[in-house]
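First the structure, in the form of structure tokens, and then the observations on it.
Numbers here simply count residues along the sequence, with the first being 1. Atoms within a ligand are numbered from 1 in the order they appear, just like the ligands themselves.
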Amino acid sequence: MSSEEAKKRIAELSAELKTHTYNYYVLAMPTISDYGFDKKLEELIALEQQFPEWLAPDSPSQKVGGFITKEFATVKHRWPMLSLGNTYNEQELTDFDQRIRKAIGDNFEYVCELKFDGLSISLTYENGELLRAVTRGDGVQGDDVTTNALTIQTIPKKIKTTGYPEQFEIRGEVFMHLKAFERLNNERVENGEQPYANPRNFASGTLKMQDSAEVAKRPLDTFLYFLYTEKLLFRTHWESLEAVKTWGFPVNEHNKLCGNINEVFDFIKYWDKKRFDLSYDIDGIVIKVNSYAQQQELGFTAKSPRWAIAYKFKAEQAETELLNVSYQVGRTGAVTPVANLQPVLLAGTTVKRATLHNADEIELRLKLHEHDWVFVEKGGEIIPKITSVNLAKRKPDAKPVMYMSNCPACGTLLKRKEGEAAYYCLNEDGCPPQIVGKMQHFIGRKAMNIDGLGDETIETLYQKRFIKHISDLYHLADHKEALMLMDRFGEKSINNMLEGIELSKAMPFAKVLFGLGIRYVGETVARKLANYFKTIDRLATATFEELLLAEEIGDRIAQSIIDWFKDEHHRAEIENLKASGLQFETVEVEVKLASESLLGKTFIISGVFEKYSRDELKDLIEQHGGKILSSISAKLNYLVAGDNMGPAKLEKAQKLNIPIISDQELFGLIGE
Ligand code: IVH
């Protein structure tokens, strides 16, 4: 390569890496796999070594990476937050081991830890109290996210034991459990919001939110993995981890002390398979020299310690052919492109489809062409994604894939809303998937929860022209004879359905409001609005300023409500529903218990659950006469435990012999 060519390539690589870094750290929307990023960075470093004349001071090779978001106070780290060198195969790890032996001899141990796929955080404690929580930022300074960190249950706010130093910093990873991720992401889709691509982005997006009340609703968790003190208190990393555990910090239970590199390889092999059984994502193993004295001897490079390294698992990849791109229209009109692929085996399952996110992904990032051969990867994401295109296999005459210009369902010209990557079909009242989707949302479990009526029946009833609006459901009883003439609809199932619909007329206003599917009005917001405005008429006539006065209602939600009620079809629909006898007022009723099965019993709920939020379980307990306590004591009857509850709580409950039960066992107590 000539010097001129090298100059060009270095500039290209630098620009690309900067964009990816920005997308990763600032937008929390990665646009390249970690592996792909590291390969590009390696290429850049090699070129810069060969052609030092083109090494720019602001080259991505010279920085730890990362940006700082503006809204939070910036705090300089007492000790810089470095990253780790990455390795992807046994050879690179053997090389690491040999470098270490050369420097410090053969007499040392390694600590192997899981590499949690979240975002790093640094916690400062003074006199046993959490003083500050700071994100990594650019490694030198980060964002002060203390108020948000305070909402994370497993982070101790005040240390309850003794023996800790007056001041120390402890670092670790904040992440979201897979179950919580799926539950919350489904809720986002239901509310018409953009889902997050993976748990890491969700955790990062959450920790950087301005509203810590919202953060508190999204269960984040943490594992701590490094202690920093002014004076050295311990001889080894392992000892320090054992100590911080006794101070009440969550330290991962799978850490392992290894006597040599072969034991490290065994640990890696074990977790490469077993990682899929964990309740959270890991993307590799971190290997650290155990002795602090030896760590000091080994020292640091500009970017990372010489005494530690990350072994990254290869995301399992497969190559296959793109058959075509199809487009799905959601209840809100958002259009999502999906790649249909020649079925291929990947990480134990057959993959037929991959998400394409939006038009930019197709036209700008992948520059996808018809019948391209593509690489698919399954990371933390639930649905696989296309990481890149195999250009060598592209036919010379292949046409670029062009994003749909019109709605695939109704033909309306698609529009891009300002500030959003997605295209929308704005034909709300005439576009079949939107019409059907809205009715399906209305009957759903969290809205009207209509027994005897499912998504498929809604689809069929729509196709047979029985229903077009939610309000038509309440006139179905008038068409019973016609309904009975339909295939596969027996009298019994029709009666069940009609009974379910009739019963739903008693559903409280908040549920009806949520069921209407107003954009950004999720379950909680609907409840707050119903409690604050009391009647639909007051809500419908509220001004923007009046809406903002209600708890948790911001500009975006307020505007969406105003827009919704402006539409005369919507107002007519409300009148129809009123005439059918649905609830449009909040009635202050005496709390009537669903049962007395838990009367006199006390509970604490801890951890994360697959199907329910902690608040939902709390409501359920109270509805059946139980009481929620705030701390574990001998008075407690049951501890309802989900995944990853704090070790201190668990220990205390065990000491007091308090029965620890699952959510399923709780349902058993209630008799459900
Ligand atoms: S030790 C100087 N231990 O990986 C020591 N890091 O690529 C620095 N990470 O920024 C970190 N699990 O966010 C360490 N068990 C673990 C880890 C871990 C995940 C993350 C961390 C760090 C990045 C380094």
Side-chain angles (χ1 to χ4, degrees), residues 21 24-25 28 30 33-35 37-38 41 63-67 77-88 92-93 96 110-123 133-143 145 149 169-176 198-201 203-204 207-208 220-229 236-238 240-241 244-245 249-258 264 267-268 271 275 278 280-290 292 294-296 298-313 379-380:
T21 313
Y24 182 97
Y25 285 101
S33 67
D34 288 357
Y35 180 75
F37 186 91
D38 287 337
L41 187 60
K63 292 217 293 196
V64 180
F67 287 81
H77 296 298
R78 165 80 185 72
W79 292 273
M81 279 180 95
L82 300 175
S83 68
L84 295 171
N86 287 330
T87 59
Y88 291 94
E92 287 173 359
L93 198 53
F96 166 79
Y110 287 120
V111 176
C112 283
E113 297 171 17
L114 305 184
K115 188 170 187 305
F116 314 107
D117 198 8
L119 61 151
S120 39
I121 193 144
S122 181
L123 309 172
V134 183
T135 64
R136 185 172 110 166
D138 63 1
V140 177
Q141 46 185 20
D143 292 331
V145 291
E169 222 171 295
I170 187 163
R171 290 183 183 169
E173 202 84 350
V174 172
F175 63 94
M176 188 180 275
N198 55 45
R200 189 209 315 118
N201 290 2
S204 150
L207 201 65
K208 291 181 182 164
L220 293 177
D221 202 347
T222 174
F223 284 123
L224 282 318
Y225 48 64
F226 216 87
L227 176 71
Y228 287 83
T229 51
T236 65
H237 176 54
W238 186 264
S240 82
L241 290 180
V244 303
K245 244 191 257 177
F249 287 97
V251 173
N252 189 263
E253 56 184 329
H254 303 300
N255 293 348
K256 190 167 181 245
L257 198 57
C258 291
V264 173
F267 187 84
I268 290 175
W271 284 107
R275 64 186 152 130
L278 292 166
Y280 44 85
D281 272 341
I282 62 170
D283 60 345
I285 300 294
V286 178
I287 301 119
K288 300 172 183 169
V289 169
N290 190 25
Y292 282 150
Q294 287 172 329
Q295 285 186 6
Q296 246 164 19
L298 287 157
F300 297 85
T301 70
K303 290 179 62 165
S304 50
R306 287 204 184 84
W307 43 264
I309 202 155
Y311 178 93
K312 302 265 277 212
F313 294 131

Subject >> Per-residue contact class, V286 against ligand 1 - non-hydrogen pairs under 4.0 Å >> reply: side chain
Subject >> For atom 15 (N) of ligand 1, the protein heavy atom that lies nearest, with its residue and separation >> reply: E113 OE1, 2.8 Å
Subject >> Shortest non-hydrogen separation from S83 to S304 and the atoms involved >> reply: O-CB, 2.9 Å
**OP:** Run the contact test for L114 against ligand 1 with a 4.0 Å cut-off on heavy atoms, strictly below, and give the result.
**Re:** yes
**OP:** Look at atom 21 (C) of ligand 1 and find which of W307, F223, F116, Y225 reaches it with the closest heavy atom.
**Re:** Y225
Original post:
Does F226 come within less than 4.0 angstrom of ligand 1, counting non-hydrogen atoms of the residue?
Top reply: no
Original post:
So, E173 side chain and G118 main chain: donor-acceptor pair closer than 3.5 Å or not?
Top reply: yes
Original post:
Is A308 near ligand 1, meaning one of its heavy atoms is under 4.0 Å from it?
Top reply: no
Original post:
What's the shortest distance from atom 20 (C) of ligand 1 to any protein heavy atom, and which residue and atom give it?
Top reply: E173 OE1, 3.5 Å
Original post:
If you measure from each non-hydrogen atom of M81 to ligand 1, which part falls under 4.0 Å: side chain, backbone, both or neither?
Top reply: neither
**OP:** Mind listing the closest non-hydrogen atom pair of R306 and L298 along with its distance?
**Re:** NH1-O, 3.3 Å
Original post:
Less than 3.5 Å between some nitrogen or oxygen of S83 and one of ligand 1, yes or no?
Top reply: no
**OP:** Give a yes or no on whether the ring-centroid distance for H237 and F226 is below 6.0 angstrom.
**Re:** yes
Subject >> Ligand-side contact atoms (ligand 1) for residue partner R136, heavy atom cut-off under 4.0 Å >> reply: 10 (O)
Original post:
Does some non-hydrogen atom of R171 fall short of 4.0 Å from ligand 1?
Top reply: no
Original post:
Are any of the side-chain heavy atoms of I121 and V134 separated by less than 4.5 Å?
Top reply: no
Original post:
Which heavy atom of the protein is the closest neighbour of atom 2 (C) of ligand 1, given with residue, atom name and distance?
Top reply: P305 CG, 3.6 Å
Original post:
Minimum heavy-atom separation for T87 to E92, with atom names?
Top reply: CA-OE1, 3.2 Å
Subject >> Contact check: Y228 vs ligand 1, nitrogen or oxygen atoms, below 3.5 angstrom >> reply: no
Original post:
Is N86 in polar range of ligand 1, meaning some N or O pair under 3.5 Å apart?
Top reply: no
Original post:
What part of K115, side chain from CB on, backbone N/CA/C/O, both or neither, has a heavy atom under 4.0 Å from ligand 1?
Top reply: both
Original post:
To which of K288, H237, Q295 does the heavy atom nearest atom 1 (S) of ligand 1 belong?
Top reply: K288
Subject >> Taking every non-hydrogen atom, the tightest pair across L241 and E113 >> reply: CD1-OE2, 3.7 Å
**OP:** Scan side-chain atoms only and decide if Y88 and D38 contain a donor-acceptor pair under the 3.5 Å cut-off.
**Re:** yes
Original post:
Do S122 and Y228 get their side chains close enough for a donor-acceptor pair, meaning under 3.5 Å?
Top reply: no
Original post:
Any idea which heavy atoms bring L207 and V145 closest together, and the distance?
Top reply: O-CG1, 3.6 Å
**OP:** Tell me whether the centres of the aromatic rings in F223 and Y280 are closer together than 6.0 Å.
**Re:** yes
Original post:
To the nearest 0.1 Å, how far is atom 7 (O) of ligand 1 from its closest protein heavy atom, and which atom is that?
Top reply: L84 N, 3.5 Å
